[in-house]
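In the text below, chain A, chain B and the rest are named by the order of the sequence lines, each starting its count at 1. A quick note: this is a predicted structure, and the numbers were derived from the prediction, not measured.
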Number of protein chains: 2
Amino acid sequence: MLEFAILGFLYDEPLHGYDLRKRLAALTGHVRPIADGTLYPMIKRLETAGLLTRDLQPGQIAAPRHMLSLTPAGRAELLRRLREPDELFITDENRWFALLAFLRHLESHTEQAAVLRRRLGFLAQPASFFWDGDRPLRAADFDDPFRRGLFTIATATTRTELRWLRDTLADLEAPGAPKSAAGDVTT
Amino acid sequence: MLEFAILGFLYDEPLHGYDLRKRLAALTGHVRPIADGTLYPMIKRLETAGLLTRDLQPGQIAAPRHMLSLTPAGRAELLRRLREPDELFITDENRWFALLAFLRHLESHTEQAAVLRRRLGFLAQPASFFWDGDRPLRAADFDDPFRRGLFTIATATTRTELRWLRDTLADLEAPGAPKSAAGDVTT
DNA sequence: CCTGAATACATCGGAGGCAAGGTATCACGA
DNA sequence: TCGTGATACCTTGCCTCCGATGTATTCAGG
């Protein structure tokens, strides 16, 4: 997850660790901030694996910075993960959001569409938070307002995302259409 | 998280591990299924901590079952966690959903409302996935449809939840009998 | 009668991530 | 001049949880 997001941010431009940390905090951190003790060892691991390189720069404001850039292997690795995301990246909302944040890096519309289709497949299948044997329970089955809220929110989210997925897929799979029209779903 | 959900399910009725596993899978698992290697050690830990007891029953269908029930300490612990949830339970959607699933166990409407207010406070504060320095970037700042989708979905979700939070808070804090489902709390 | 599937519990190794605690540099105000 | 706060990087120890694997039991189908 983190590893993926690091590759995603660095795909655009070289960054130093501190900057990376702030971007990661914005992307996933409003929900779950990442810790120093997570980030720096991860950078080291990626470096050891040959996915990024470090370039020491004299401090601009304070301490010296390590500018991080992806190696060709690193760039290839991001693309691979975008093309063939683990199932968790399709089903877990946080990871899925991270995936969406960088999906534009995949150049082929066909490949982008294939990823969206996987998410569509996941969202389209019936699901429930609670079951009575084989019968999925729905909002109306509950007295308490909190479980009802759970369903209300989940249903609304799913509906919005399904609409967006269908619209965007239509755009991506249109014969010659440019892709800029898909954003207008803000209702 | 898992620990919390186990306490929540057992608060209602004694269950055996396998049943618990299925319920946990439905609650959190459509997103991220839990593994055996997580559940059983966790049960053991909770038992050691004196929060639940085991009652061995001869197998109904197959192997013998360990019926699990909360001790008074276990019940108290769930209520404590509902009353004073860690910050992560307020900000992380998965955990927040788990919290909502069991919030009815808190008997006082005032205490329930206090928890919802914390979530309201979190959702009401401005947030963005991406920043340009101090300026939060919005959907219109992006060309690519995927980042736009990110905003579309997140905004819709937040809006739905805020509406629900405000409605439910109004019900909970109304002086007389709360309307709709919120009133069915058998104190 | 045998096999496979579902039920039911358990252990082990390891990865990912966090909190707490460092080390330094620079700017600014008191 | 001294402290504070922001910038910037790093290490250690811990905990949660996962994946793989193992052990029984029961029932249905061939």
**Q** Is B:Asp36 side chain donor-acceptor paired with the D:dC18 base, going by distance under 3.5 Å alone?
**A** no
**Q** Rounded to whole angstrom units, what separation is found between the CZ atom of A:Phe89 and the P atom of C:dG16?
**A**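 Rounding to the nearest Å, CZ of A:Phe89 and P of C:dG16 are 11 Å apart.
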**Q** Whole angstroms only, please: what is the CZ-C1' distance between B:Arg95 and C:dC18?
**A** 11 Å
**Q** Strictly distance-based, threshold 3.5 Å: is any side-chain N or O of A:Arg147 a donor or acceptor partner for the main-chain N or O of B:Ala101?
**A** yes
**Q** Given atom CZ of A:Arg65 and atom P of D:dC9, what is their separation to the nearest angstrom?
**A**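 One finds 8 Å between P of D:dC9 and CZ of A:Arg65, rounded.
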**Q** Separation of B:Asn94 atom CG from D:dT16 atom P, in whole Å?
**A**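 So the CG-P distance, B:Asn94 to D:dT16, works out to 18 Å.
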**Q** Please give, in whole Å, the distance from C:dG16 P to A:Leu24 CG?
**A**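 Atom-to-atom, A:Leu24 to C:dG16, this comes out as 16 Å.
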**Q** Checking B:Asp86 side chain against B:Leu88 main chain: does a donor-acceptor pair fall under 3.5 Å?
**A** no
**Q** Let's go through B:Phe129 and B:Phe151 carefully: what are the C-alpha distance in whole Å and the side-chain angles of both, what is the deciding distance for ring-ring contact (aromatic ring centres under 6.0 Å, His included) to 0.1 Å, and is it a yes or a no?
**A** CA-CA 8 Å; B:Phe129 296 109; B:Phe151 282 93; 5.6 Å; yes
**Q** Let me know the distance between OH of B:Tyr18 and P of C:dA5, rounded to the nearest Å.
**A** 13 Å
**Q** For residues 37-49 of chain A, which residues have at least one heavy atom under 4.0 Å from DNA chain C?
**A** A:Gly37, A:Thr38, A:Met42, A:Arg45
**Q** Hey, is the side chain of B:Arg54 poking within less than 4.0 Å of OP1 or OP2 on C:dA8, counting only N and O atoms?
**A** no
**Q** Would A:Phe142 and A:Phe130 count as a close aromatic pair, with their ring centres under 6.0 Å?
**A** yes
**Q** Taking atom C1' of D:dT7 as reference, at what distance in whole Å does atom CG of A:Leu20 sit?
**A** 15 Å
**Q** Can you check the A:Arg21 CZ to D:dA8 C1' distance for me, whole Å?
**A** 9 Å
**Q** Check this for me, if you would: do A:Arg80 and A:Glu111 make a salt bridge, where the nitrogen-to-carboxylate-oxygen distance has to be below 4.0 angstrom?
**A**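 No.
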**Q** May I ask you to say whether B:Arg23 pairs ionically with B:Asp12, meaning some side-chain N is under 4.0 Å from a carboxylate O?
**A**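 Result for this pair is no, no salt bridge flagged.
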